[in-house]
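This report refers to the structure that appears directly beneath it.
Only heavy atoms go into these numbers, but all of them, side chains included; no hydrogens, no water, no symmetry mates.
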Amino acid sequence: MPISRSEAAQTLKDIESTQGRSASAYGYSRSSPHLILWGVIWVIGYGVPWLFPGRLPWIWLPLVVIGMLGSFAIGMTLRPKVADKSDPRFWQTFIAIFLFVWAQFAVLPKFDLLQAAVYFPILVALMYALLGIWTRGARMTVLGVAIGVLTLAGYFLLPQLLLPWMTIVGGGGLILGGLWLRRA
Amino acid sequence: MEQPDAIIHQPVRLKIMAALKALPPKEMLEFVRLKTIAGATEGNLGAHITHLEQAGYVKVEKDFAGKRPRTRVMLSKEGRRAFEDYVTYLREIIDTAGA
């Protein structure tokens with residue numbers, strides 16, 4: 001039985017909506033392990049200076065290297081079986097953000113420890129929010145906003161407790177966020 | 001195509017096909033996730049997947065993730081083509097009626 005124009009339009013709309021949900025769920029399942037990994041890194045990175053003040057001031061250096069290697073390994077494990085043509089704008093966006101941060105550090109006065117402790121989480125929050133907006137992944141945007149708001153709340157309301165705050169709320173939040181995405 | 005593909009045209013099967021088409025080629029979707037996306041019951045979804053499998057539109061793989069049994073579904077080459085033809089058919093209806 002042939003179908004009418006309105007039925008065809010409605011069916012196309014349903015298809016688009018289902019594909020959007022499926023693409024988001026696929027993206028979430030790919031992002032989840034990265035969030036959990038970086039959540040653990042945040043817990044260690046903020047937890048060590050909180051629990052052992054003055055010790056291991058260089059802790060973030062190996063942690064960032066481990067995180068990047070871990071993310072690369074996860075990316076390789078979860079890469080699509082058939083190489084897809086990923087949108088180059090994603091990489092261009094990350095390069096632009098990297099150059100912006102570099103320029104910012106070159107121009108602005110040096111950050112103190114507390115400012116540095118919140119600057120990068122805010123940057124991460126921005127990147128998650130942008131990723132969510134670009135990929136229509138609402139949960140990713142929610143996570144980005146939550147990380148940003150909680151980080152700023154810690155900085156302005158509990159500056160003397162910033163390290164435990166970032167350990168528990170920041171690191172723990174990323175881990176929970178990763179689990180939340182996995183269940184989507 | 002003068003008639004819609006009857007296998008794909010059924011609403012739950014259409015959702016299954018659309019959900020699988022949104023993935024990169026050869027990627028699989030877990031049954032549990034597909035159930036949420038399609039908004040179908042387990043039995044209903046299973047029956048429709050079997051129908052699509054018999055038509056050669058999807059491939060089903062059953063294995064274990066650790067100790068947990070896992071069923072995953074992917075779109076076959078024929079299924080991908082059939083779905084694309086179906087979407088073209090819908091677009092043609094809209095374009096023809098709008099002309």
| message | Test: salt bridge (charged side-chain N to carboxylate O under 4.0 Å, His left out). Region: residues 12-21 of chain B. Which pairs qualify, not counting sequence neighbours? | response |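 Sorted pair list: B:Lys21-B:Glu84.
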
| request: Give every residue pair that meets the salt bridge (charged side-chain N to carboxylate O under 4.0 Å, His left out) criterion with at least one member in residues 20-37 of chain A, sequence neighbours excluded. | output: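 Of all non-adjacent pairs touching residues 20-37 of chain A, those that pass salt bridge (charged side-chain N to carboxylate O under 4.0 Å, His left out) are A:Arg30-B:Glu27.
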
| request: State the CH2-CG distance between A:Trp38 and A:Leu63, to the nearest 0.5 angstrom. | output: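 Result: 8.5 Å between the selected atoms.
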
Between [X] and [Y], is there a donor-acceptor pair closer than 3.5 Å when you use the side chain of the first and the backbone of the second?
X	Y	value
B:Gln10	B:Ile7	no
A:Ser17	A:Lys13	no
A:Ser29	A:Tyr26	yes

| task | Applying side chain to side chain contact (heavy atoms under 4.5 Å, CB included), run through A:Leu131 and A:Thr141 and close with a yes or a no. | result | CA-CA 7 Å; A:Leu131 201 61; A:Thr141 308; over 6 Å; no

| Structural part of B:Ile37 lying under 4.5 Å from a heavy atom of chain A | both

| said: Does any backbone or side-chain atom of B:Leu29 lie under 4.5 Å from a heavy atom of chain A? Answer side chain, backbone, both or neither. | reply: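 It is the side chain, since no backbone atom gets that close.
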
| Audit row: B:Arg72, B:Glu61, salt bridge (charged side-chain N to carboxylate O under 4.0 Å, His left out) steps and yes/no | CA-CA 5 Å; B:Arg72 291 183 299 165; B:Glu61 201 173 283; 3.1 Å; yes

| Where on A:Ser4 is there a heavy atom nearer than 4.5 Å to chain B: the side chain, the backbone, both, or neither? |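 Contact with chain B: backbone only.
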
| query | Parallel, tilted or perpendicular: which fits the ring planes of B:Tyr86 and B:Tyr89, with parallel below 30° and perpendicular above 60°? | reply |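 Rings of B:Tyr86 and B:Tyr89: tilted, as their planes differ by 30° to 60°.
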
| request: Considering non-hydrogen atoms only, spot the tightest contact between B:Lys59 and B:Ser76 and give its length. | output: CE-CB, 4.2 Å

| query | Do any of residues 120-129 of chain A come closer than 4.5 Å to chain B, heavy atom to heavy atom, and if so which ones, in number order? | reply |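 Within residues 120-129 of chain A, near chain B: nothing under 4.5 Å.
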
| note | Checking heavy-atom separations under 4.5 Å from chain B, one finds in residues 151-160 of chain A none

| message | With no hydrogens and no angle check, just 3.5 Å: does a side-chain donor-acceptor pair link B:Asn44 and B:His48? | response |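 Side-chain D/A pair, B:Asn44 to B:His48: present.
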
